[in-house]
Peer 1: 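One structure follows; several queries about it will come next.
All chains are named by letter (A, B, ...) in the order of the sequence lines, taking the proteins before the strands, and each is independently numbered beginning at 1.
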Protein chains: 2
Amino acid sequence: MANIKDIAKLAGVSKSTVSRVVSNNGFVKEETRAKIMKVMENLNYRPNMFAKGMRTNRSFSIGILFPDLKNPFFTEWYSIVDTISRERGYLNYICVTDPKGESEEMRIDDLLARSIDGIIIFSYRKDDAFIEKLRKINKLTPILCCDSMFLDSGLSCICADGEKGTYNATQKLIESGNRNIAYIKGKDEFSVVDNRFEGYLKCLADSSLKINDAHIISANFTRGCGYKAAEELMEHSNPPDAIMAATDLMAMGVLDYLNKKNYHIPDDVAVFGYDNLVAAKNTSPPLSTIALPFNEIAEKSINTLIKLIEEDKTDIVVEMFDCELKMRNTTK
Amino acid sequence: MANIKDIAKLAGVSKSTVSRVVSNNGFVKEETRAKIMKVMENLNYRPNMFAKGMRTNRSFSIGILFPDLKNPFFTEWYSIVDTISRERGYLNYICVTDPKGESEEMRIDDLLARSIDGIIIFSYRKDDAFIEKLRKINKLTPILCCDSMFLDSGLSCICADGEKGTYNATQKLIESGNRNIAYIKGKDEFSVVDNRFEGYLKCLADSSLKINDAHIISANFTRGCGYKAAEELMEHSNPPDAIMAATDLMAMGVLDYLNKKNYHIPDDVAVFGYDNLVAAKNTSPPLSTIALPFNEIAEKSINTLIKLIEEDKTDIVVEMFDCELKMRNTTK
DNA sequence: TTGTACGCGTTATCAC
DNA sequence: GTGATAACGCGTACAA
């Protein structure tokens with residue numbers, strides 16, 4: 001691949017002049033610039049990132065940690081993020097972390113060893129030692145968290161207000177006459193969406209409805225788990241008249257069960273999901289759910305990280321986005 | 001951060017000796033080695049990847065190009081690939097390419113500028129100029145293609161035998177008495193799965209069934225497109241008694257339509273998908289489909305690329321995996 | 001407005 | 001076994 005010296009020779013100038021054109025700083029005569037640009041075009045010149053990085057200590061690489069790529073949320077989110085990073089000259093390392101075990105910290109070390117410019121992290125973990133490590137790293141390499149569980153950790157964080165969203169959804173169910181509202185939450189060790197559950201609890205309390213422990217189930221985020229949770233709920237001596245799930249995927253499992261058992265939705269049982277997956281429009285019946293402002297969150301995440309990288313490395317940015325209720329046919 | 005010179009000074013040796021210890025090649029007296037190791041430990045020394053890369057032209061990074069992350073196939077595939085690359089000391093850049101436009105070539109240039117060690121590519125494109133460019137790059141930087149469309153392009157390729165898989169599925173439908181088998185293929189400009197279509201054509205020909213042009217629809221890989229295609233097929237004066245789709249996602253759209261119009265599946269119309277998505281088990285009724293050997297393909301892809309990188313850079317490896325029919329309830 | 005010269009942290013090639 | 005030294009491609013004072 002052509003280097004800056006080749007360009008200089010062909011354009012009949014010195015490499016410093018080429019460098020000035022490439023990095024767009026310093027004065028270059030318009031004519032010279034045009035000529036150099038043309039040669040670069042012809043040779044399809046790209047600056048060597050190693051050499052550049054050695055001088056500037058910047059890699060224009062970002063590390064992104066996902067705990068689980070199978071969740072459609074991440075891919076949706078990443079499609080947007082990748083577009084923006086490319087536009088701004090960055091490329092992303094994608095690391096899939098294992099929620100069990102130490103792989104998160106190891107992946108972070110791998111990334112750091114490659115002198116990445118910043119890190120975006122979706123995580124299951126939140127123990128103090130881990131947070132402390134992140135905070136330390138953040139002093140040199142900006143970290144952006146995308147889980148509400150990091151809200152008060154002294155780290156930058158862009159996420160959706162799952163508590164408020166769930167609160168509003170619960171309220172909607174209550175307004176429609178539901179009084180026995182069950183909730184399928186995530187397993188305790190994966191506390192990513194715990195704040196959603198908080199919204200449910202808070203709304204019941206505010207509405208003076210009693211919280212029935214038998215109506216709260218922990219499941220593992222899969223459709224199958226949603227199915228089983230619904231089974232457990234509906235076979236209970238006092239079955240609920242509405243089921244909320246912390247994710248659409250689990251809500252779809254609930255629908256699978258209810259449909260199979262010929263329950264009438266929403267009259268026998270109402271169902272509320274969370275995420276507004278594309279697939280949620282096509283369930284039978286179409287799923288009422290809580291929509292995150294996907295695009296805004298994705299755009300804000302990457303733009304914020306790049307801002308932190310390029311401007312104020314040690315700033316802490318925290319922003320929460322409101323969710324929106326999508327009332328479809330699983331609610332009255 | 002400490003560099004090799006600091007270590008050398010503190011250990012009272014030259015940086016060449018430190019380098020020999022770090023990269024573990026060349027002879028160093030055990031005593032000297034121990035002393036150097038200790039100093040490195042104390043200063044928490046990490047080699048600078050920029051300088052190292054500049055010298056060796058190796059980044060231990062791999063670039064992966066996906067045309068569309070929303071297809072669950074990719075995420076499934078990548079989860080496996082990422083695990084293996086980490087084990088072998090690599091990290092992956094993930095680029096989402098835009099099927100329309102030149103973004104593929106630009107992303108490849110971006111990757112090359114970062115001196116990635118190898119490229120894995122899933123692509124929509126296959127024009128001669130593009131292939132030629134890839135072939136040229138492949139002389140220096142190993143490229144592995146994961147689409148059957150690259151089979152005869154002189155590039156390394158690991159993929160599933162979509163032609164044979166579709167041939168077998170078509171045969172199965174014919175054996176069950178279906179005679180009017182429609183096929184929903186991809187748009188012509190996105191020829192990724194054309195070989196699947198070939199299998200359909202070949203089987204019809206081998207079975208002396210007439211190919212009805214009105215029963216062949218090009219659609220755009222979404223669920224909605226599958227729906228519309230089914231609508232077009234079923235409203236035709238001579239509707240089919242079976243519909244095959246090039247992907248499960250489109251087949252699911254077909255089911256959406258047929259269910260809505262209260263067709264009886266599979267008696268009125270049989271349906272066959274392709275991909276064996278996790279979701280295909282949960283459609284109503286559960287979708288008969290063609291399963292790719294996911295894990296094997298994923299493992300083989302990354303291991304092959306790393307082999308090409310580390311051993312025989314210019315070798316060409318081609319391997320095709322057989323598919324397996326999953327007969328569920330959308331077929332007789 | 002442009003060119004010269006040097007250094008960034010490594011590894012590789014010598015010579016000792 | 002070890003050390004000096006030359007690259008690798010780029011950015012940037014400083015000189016012209």
Peer 1: Do the side-chain N or O atoms of A/T32 get closer than 4.0 angstrom to the phosphate oxygens (OP1, OP2) of C/dT2?
Peer 2: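 The answer is yes; a side-chain N or O of A/T32 sits under 4.0 Å from OP1 or OP2.
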Peer 1: Please report the distance, rounded to the nearest Å, between NZ in A/K5 and C1' in D/dG11.
Peer 2: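 Value for this atom pair: 15 Å.
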Peer 1: Take the protein atom CE of B/M54 and the nucleotide atom C1' of C/dT11, then report the distance between them rounded to whole Å.
Peer 2: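 After rounding, the reported distance stands at 11 Å.
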Peer 1: If you measure from the Lys or Arg side-chain nitrogens to the Asp or Glu carboxylate oxygens, is any gap between A/D6 and A/K15 under 4.0 Å?
Peer 2: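 No, A/D6 and A/K15 are not salt-bridged.
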Peer 1: Nearest to the side chain of A/S14 - C/dT4, D/dG1, C/dG9?
Peer 2: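 Comparing C/dT4, D/dG1, C/dG9 against the side chain of A/S14, the answer is C/dT4.
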Peer 1: For B/K15 and C/dG9, what is the distance between atoms NZ and C1' respectively, to the nearest whole Å?
Peer 2: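 After rounding, the gap between these two atoms is 7 Å.
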Peer 1: May I ask you to verify if any side-chain N or O of A/Y45 is less than 4.0 angstrom from the OP1 or OP2 atom of D/dC10?
Peer 2: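 Checking A/Y45 against D/dC10: at least one side-chain N or O falls below 4.0 Å of OP1 or OP2.
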Peer 1: Could you tell me whether the side chain of A/R58 and the main chain of A/S115 form a donor-acceptor pair under 3.5 Å?
Peer 2: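 No.
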Peer 1: Using only side-chain N and O atoms of A/S16, determine if any of them is under 4.0 Å from OP1 or OP2 of D/dG11.
Peer 2: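 No, outside the criterion.
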Peer 1: Has the side chain of B/R55 got a donor or acceptor that lies under 3.5 Å from a partner of the other kind on the base of C/dA12?
Peer 2: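 Not at all, since no donor on one side and acceptor on the other fall under 3.5 Å apart.
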Peer 1: Within this structure, what is the CZ-to-P distance between A/R114 and C/dG9, rounded to whole angstrom?
Peer 2: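 Taking CZ of A/R114 and P of C/dG9, I get 20 Å after rounding.
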Peer 1: Give the rounded distance in Å between these two atoms: NZ of A/K9 and P of C/dT2.
Peer 2: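 Distance check: A/K9 NZ to C/dT2 P gives 20 Å.
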Peer 1: Are any of B/T17's side-chain N or O atoms less than 4.0 Å away from OP1 or OP2 of D/dT2?
Peer 2: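 Answer is no, no contact under 4.0 Å.
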Peer 1: Within the pair B/S19 and C/dT11, is there a side-chain N or O less than 4.0 Å away from OP1 or OP2?
Peer 2: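 Looking at the OP1 and OP2 atoms of C/dT11, one of them is under 4.0 Å from a side-chain N or O of B/S19.
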Peer 1: Tell whether B/R20 reaches the base of D/dG3 with its side chain through a donor-acceptor pair below 3.5 angstrom.
Peer 2: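 Between D/dG3 and B/R20, which were checked side chain against base, a qualifying N/O pair under 3.5 Å is present.
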Peer 1: Specify the separation, in whole Å, of atom CG of A/N3 and atom P of D/dG11.
Peer 2: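 After rounding, the gap between these two atoms is 12 Å.
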Peer 1: Taking atom P of D/dC10 as reference, at what distance in whole Å does atom CZ of A/R46 sit?
Peer 2: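 To the nearest whole Å, that distance equals 13 Å.
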Peer 1: B/F50 has an atom CZ; how far is it from atom C1' of C/dT10, in whole Å?
Peer 2: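 Atom-to-atom, B/F50 to C/dT10, this comes out as 13 Å.
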Peer 1: Is it the case that over 12 heavy atoms from other parts of the model lie below 6.0 angstrom from the CG atom of B/D127?
Peer 2: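 Enclosed.
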Peer 1: Salt bridge check: are A/D109 and B/R46 linked by an N-O gap of less than 4.0 Å?
Peer 2: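 Looking at A/D109 and B/R46, the cut-off is not met.
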Peer 1: Should the heavy atoms of other residues, nucleotides or ligands under 6.0 Å from NZ of A/K300 be counted, would the total exceed 12?
Peer 2: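 At most 12 heavy atoms, drawn from other residues, nucleotides or ligands, come within 6.0 Å of this atom.
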Peer 1: Under 4.0 angstrom, heavy atoms only, what part of the nucleic acid is B/V22 near: base, sugar-phosphate, or nothing?
Peer 2: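 No contact at all - B/V22 keeps every heavy atom at 4.0 Å or more from the nucleic acid.
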